[in-house]
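Just so you know, ligand 1 is whichever comes first in the structure, and atom 1 is the first atom listed for that ligand. Keep in mind the model is a prediction, meaning the values are calculated, not measured. For the numbers below, each heavy atom of this structure counts, side chains included, while hydrogens, waters and symmetry mates do not.
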Amino acid sequence: MTWFKREKRPIENPTPVDERRVRTEGLWMKCSRCRAIIWKKDLEANWEVCPKCEQHFRLGARRRLDLLLDDEHWTEHDSELTSGDPLRFSDTKPYAERVRDAQQRLGMNDAILTAEGHLCGRAVICCSMEFGFIGGSMGAVVGEKVARAIELSLANKRPLIIVSCSGGARMMEGVVSLMQLAKVSAALAKLDEARIPFISILTDPTTGGVTASFAMLGDLNIAEPEALIGFAGPRVIEQTIRQKLPEGFQTSEFLLEHGFLDAVVPRKELKPYVSQALSFFLD
Ligand SMILES: [Zn+2]
């Protein structure tokens, strides 16, 4: 028997794969937590929060900006940037085609929107990530747009808000996506020197390279309830250490309790909360 052979024990009680999945057939849907049958229009009107149990479903990038910015009015910046497919990458389908499909489906060029608008009367720069666009992954375009948003914020002395919703770095762009971590972190350091506040809002999910860069570098890091936040996903960790993780591991509440977050704020209270925080920083 070889001493270095890895033992293939099964994982104890793995997390069910479809635990948080939302079923979306027809006009009605079933809440994955309280099992209530909700009319989709009601859910939409309630900013994708279950009216019965307050479960927070994923909110699209545009709706997120409407939620945070006054009169649902904002001006978009750098919308023309698109990925150049530096590695000519192809997996089950070519990366260029994957990007094109997402662009057509969502009407945006990459996984983040940069907006200039007002939050409770205060001029701000706000970035919002779209999970539907290749898992909200950060490639060269997302990194560049975040860096430019930081520069815009510096030039106009406006506070910066970034709403993260991402699976991490975009593997189809390899090392080009990884260097975005260093780039945006360096840009944020300049914002810090200029004493301009940056508020990071983490939503479900915020993982990988996004957690490892700007999402955790806010002057305030706040999250929505029960969001998955981490570096590697819980299943990857379970498979690596071959142990069941503690209850609620990598949720906003767990991270708040362990000092990784400053607050957990329900979606509908986010805007007044951010406004109050900005008044605290600036007035
Ligand atoms: Zn519910």
Quiz prompt | Sidechain N-carboxylate O distance under 4.0 Å for Asp110, Arg170 | solution = yes
For Glu48, the salt bridge (Lys or Arg N to Asp or Glu O under 4.0 Å) test, sequence neighbours excluded, returns none
Residues 248-267 vs ring pair (Phe, Tyr, Trp, His ring centres under 6.0 Å), sequence neighbours excluded, gives Phe249-Phe254, Phe254-His258
Handout entry: Derivation and outcome, side chain to side chain contact (heavy atoms under 4.5 Å, CB included), residues Glu76 and Arg62
Key = CA-CA 10 Å; Glu76 195 180 340; Arg62 282 177 210 284; 4.1 Å; yes
At a cut-off of 2.8 Å, protein N/O/S around the Zn ion (ligand 1) gives Cys31 SG, Cys34 SG, Cys50 SG, Cys53 SG
A quick test of your reading: do over 12 heavy atoms of other residues, nucleotides or ligands sit less than 6.0 Å from CD of Glu80?
yes
Residue set satisfying ring-ring contact (aromatic ring centres under 6.0 Å, His included) with Phe281, at least two apart, ordered chain then number -> none
